[in-house]
Amino acid sequence: MSVRLRRLGPVSELPPDHDDDQPDPLDTFDEIIAEETTRDPDLAVIEAGSRTLRTQGGPPDADIPTRPADPEVDKALREVEAELATRWGETKLEPSVSRIAALMDVLGEPQRSYPSIHITGTNGKTSTARMIEALLGAFELRTGRYTSPHVQSITERISLDGAPISPERFIETYQDIKPYIEMIDGQQEYRLSFFEVLTGMAYAAFADAPADVAVVEVGMGGSWDATNVIDGDVAVVTPIDLDHTDRLGTTHAEIAAEKAGIVKQGATVILAQQPVDAAQVLLKKAVEVDATVAREGLEFGVVERQVAVGGQLVTLRGLGGEYPELYLPLHGAHQAHNAAVALAAVEAFFGVGAQRAEQLDLDMVRKAFAAVASPGRLEVVRRSPTVVLDAAHNPAGARAAAEAIGEAFQFSRLIGVVGASGDKNVRGLLEAFEPVFAEIVVTQNSSHRAMDADELAGIAVEVFGEERVQVEPRLPDALEAAITLAEEEGEFAGGGVLVTGSVITVGEARLLLGRG
C-alpha cells in the first residue's frame with residue numbers, strides 16, 4: 001500500500017501507483033528535510049541609511065488598548081478579570097480538550113461557523129498571526145484573531161477586524177457565556193481554566209461578529225490545547241524549539257508530535273523551516289491525514305531582504321509566484337521568515353497553488369505588510385537613549401532578537417534589562433544575549449512566575465562576569481539604571497537599552513515608559 005505526500009507549488013503530486021524507479025516520498029525524507037532546513041548563507045543584507053535614520057522609523061502605532069476611560073466600564077472589566085483570575089492559570093494544565101469541547105457543545109459549536117487558520121510553533125506565532133490577519137483584511141475579509149499572552153490588556157487577546165475588541169464587548173461576551181461556563185464547571189472534574197474560558201469567549205465573539213475567517217494561535221502545544229476544537233483549513237507551524245519541555249517533551253521530535261495535533265484531515269499545512277527531527281514528525285503527520293504540505297525553502301521562502309528605514313524591504317516567493325519589494329516595518333531576519341510563512345498561509349487559504357495558479361494582488365499584499373505592527377517585538381518606545389522592547393523568553397527567541405538588534409540599530413553600547421520567568425531556560429537566554437550586551441541589569445516583574453532577581457543575578461554573573469551585572473529588583477529602578485548606563489558615553493554616542501526576558505516584563509516596561 002502506497003502513501004502520498006502532497007505538496008503545494010512546483011513539486012507535483014505523485015500518482016497513487018508510481019513506478020519503482022520513482023522514489024516514494026517517505027523514502028526520501030532525509031533529502032527533503034535537509035533541503036528544508038538549509039538557509040542561504042549568502043542572503044544579502046544591505047545597510048540602507050544610518051543607525052540614526054533607521055531607529056527613527058518603525059512600525060505603525062501598536063494597537064495596545066489602555067484601561068477604559070469610563071470608570072464604570074473599568075470597574076466591570078476589573079470584575080471580569082478578577083473572576084477569571086480565580087481559575088487555573090495558563091501554566092497549570094490538565095491535558096484534555098473535554099472541557100472546552102463540552103462548552104462549545106452547549107454554545108452551539110460557534111467555532112464551526114467560520115473557516116480558520118490555526119497556528120502553532122515555539123516562536124513567531126503572534127507576529128505571524130498578525131501578518132496573516134493584515135493580509136486577510138487587505139482582501140476585505142472580516143477577521144477574528146485570538147493570540148496569547150497579552151502585553152498589557154487582556155482584551156488584546158481577542159481581535160476583530162485587526163483591532164482588540166472593546167472593553168464593553170469583552171465584558172458582554174463574558175456575561176453572555178458565563179451561565180454556560182458555570183454549567184460545564186458543575187459537570188466536569190475540573191473547572192474550566194482561564195485559557196479555556198478566554199478561548200470560548202473568542203470563538204463566541206467571532207461567531208457573533210460574524211467573522212469571515214478566524215486566525216487562532218495555540219496557547220501551548222497543539223493536540224490538547226484548548227484552541228484545538230477547531231478544524232483549521234490551514235495549519236501553520238512556525239519554527240519549533242525547546243520550550244515548555246516539562247509539558248511537551250524534551251526533544252524537537254517530541255514537541256513536534258504534540259504540535260502536529262492541529263493538522264487535520266485534508267488540511268493544508270504551512271511549515272516554517274524546522275529542525276530535522278521535528279520536520280520528519282510533521283511531514284509524517286501530514287501523510288497520515290492526507291494533508292497538503294508547503295515547506296519554507298522549497299515551495300515558498302525569502303528571496304532577498306535588505307535593511308530599510310524602520311524595518312526591512314523583502315522579496316518573498318509565495319506559492320503563486322514572486323512578490324518583490326514588500327516593506328515590512330519590523331526588524332530582523334526572523335520577521336522576514338514569519339512574513340513568508342504568513343503569505344503562504346493566506347495563499348493556501350485562497351487556494352493558490354492548488355485550485356489557482358496565479359498569485360495574490362501585489363499592491364494589496366504590499367499594503368497589508370506595510371501596515372503590520374507587532375507590539376513588544378523589537379518595539380522602540382523611547383529615544384535619547386533609544387529603548388527597545390522585545391518579548392524573547394527562550395534561547396531561540398533571544399538569538400533572533402540579538403541578531404536583529406545588531407543589524408537594525410548598531411548600538412555602540414547596548415544595556416540589557418532582563419526579567420525572566422522561573423520556569424524558562426534562563427541560562428540559555430542570557431547566553432544568547434551575552435555577545436550583544438555591554439552590561440546587564442537584572443530585575444523581576446510582578447508575576448508570581450517571575451524568577452527572583454537575586455537568583456537571576458547569580459546566573460547572570462556566571463554568564464557575564466560580576467563586573468557586567470547590576471541588580472535592581474524593582475523594574476522602574478532597573479529601567480532608570482539601564483538608561484543611565486546607556487547615557488554614560490554621551491548624547492551622540494549611540495547607547496541603547498533592550499528590555500527583554502518575558503512578555504510580562506515587556507508589558508510592564510511599556511506602561512512605565514508611557515506607552516499605553
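One is the number of the first residue; the rest follow in order along the sequence.
Using modelled atom types, no side-chain atom of Glu403 and backbone atom of Gly332 make a donor-acceptor pair closer than 3.5 Å. At distances below 3.5 Å, not a single donor-acceptor pair connects side-chain atoms of Thr292 with backbone N or O atoms of Gly266. Without hydrogens or angle criteria, Glu325 side chain to Leu313 main chain gives no donor-acceptor distance under 3.5 Å. In this structure, Ser113 contributes its side chain and Pro110 its backbone to a donor-acceptor pair below 3.5 Å.
Residues Arg142 and Asp161 are paired through a salt bridge, judged by an N-O separation under 4.0 Å between the basic side chain and the carboxylate. A salt bridge links Arg87 and Asp185; the closest N-O separation between the charged side-chain nitrogens and carboxylate oxygens is under 4.0 Å. Ion pairing between a basic and an acidic side chain is recognised when a charged N comes within 4.0 Å of a carboxylate O; Arg112 and Asp231 show such pairing.
For the pair Val216 and Ile230, the minimum side-chain heavy-atom distance is below 4.5 Å. Annotation: side chain of Arg366 is not in contact with side chain of Tyr327 (no heavy-atom distance under 4.5 Å). Between Pro239 and Gln273, every side-chain heavy-atom pair lies at or beyond the 4.5 Å cut-off. When side chains are defined from C-beta on, Arg399 counts as touching Pro395, because their heavy atoms get closer than 4.5 Å. Between Arg377 and Thr126, some side-chain heavy-atom pair lies under the 4.5 Å cut-off. Residues Asn228 and His118 have side chains in contact (heavy-atom distance under 4.5 Å, counting atoms from C-beta outward). Residues Leu136 and Val215 are in side-chain contact: their nearest non-hydrogen atoms beyond the backbone lie under 4.5 Å apart. Two residues are said to be in side-chain contact when any heavy atoms from C-beta on lie closer than 4.5 Å; Ile405 and His331 fail this criterion.
The distance from the CD1 atom of Ile119 to the CD1 atom of Ile117 is 7.0 Å, given to the nearest 0.5 Å. The line from CD of Glu168 to OG1 of Thr155 is 10.0 Å long, rounded to the nearest 0.5 Å. With rounding to the nearest 0.5 Å, the separation of CG in Asp212 from OH in Tyr114 is 12.0 Å. Met201 CE to Leu198 CG: the interatomic distance, rounded to the nearest 0.5 Å, is 6.0 Å. Taking CZ of Phe170 as the reference point, atom OG of Ser153 lies at 7.5 Å (rounded to 0.5 Å).
Checked by atom type, the side-chain pair Asn123/Asn394 shows a donor-acceptor distance below 3.5 Å. Side-chain N/O atoms of His393 and Ser421 include no donor and acceptor closer than 3.5 Å. Residues Tyr190 and Glu196 bring no donor and acceptor atom of their side chains to less than 3.5 Å of each other. Asn338 and Gln335 share a side-chain donor-acceptor pair at under 3.5 Å.
When the shell of 6.0 Å around CD of Gln265 is examined, it contains more than 12 heavy atoms from other residues, nucleotides or ligands. Enclosure of atom OH in Tyr180 is not indicated, since only 12 or fewer non-hydrogen atoms of other residues, nucleotides or ligands lie within 6.0 angstrom. Atom CD of Glu140 is surrounded by 12 or fewer heavy atoms from other residues, nucleotides or ligands within 6.0 Å. Heavy-atom contacts from other residues, nucleotides or ligands closer than 6.0 Å to NZ of Lys367 number 12 or fewer.
Ring pair Tyr146/Phe206: centre-to-centre distance not below 6.0 Å.
Of the listed residues (Val341, Thr128, Val293), just one forms a side-chain contact (heavy atoms from CB on, under 4.5 Å) with Ile270, and that residue is Val341.
Here the closest heavy-atom approach between residue Val372 and residue Ala134 is recorded as CG2-CB, 3.8 Å.
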Criterion side chain to side chain contact (heavy atoms under 4.5 Å, CB included) on Phe350 and Leu141, from CA distance to verdict = CA-CA 11 Å; Phe350 285 126; Leu141 290 182; 3.8 Å; yes
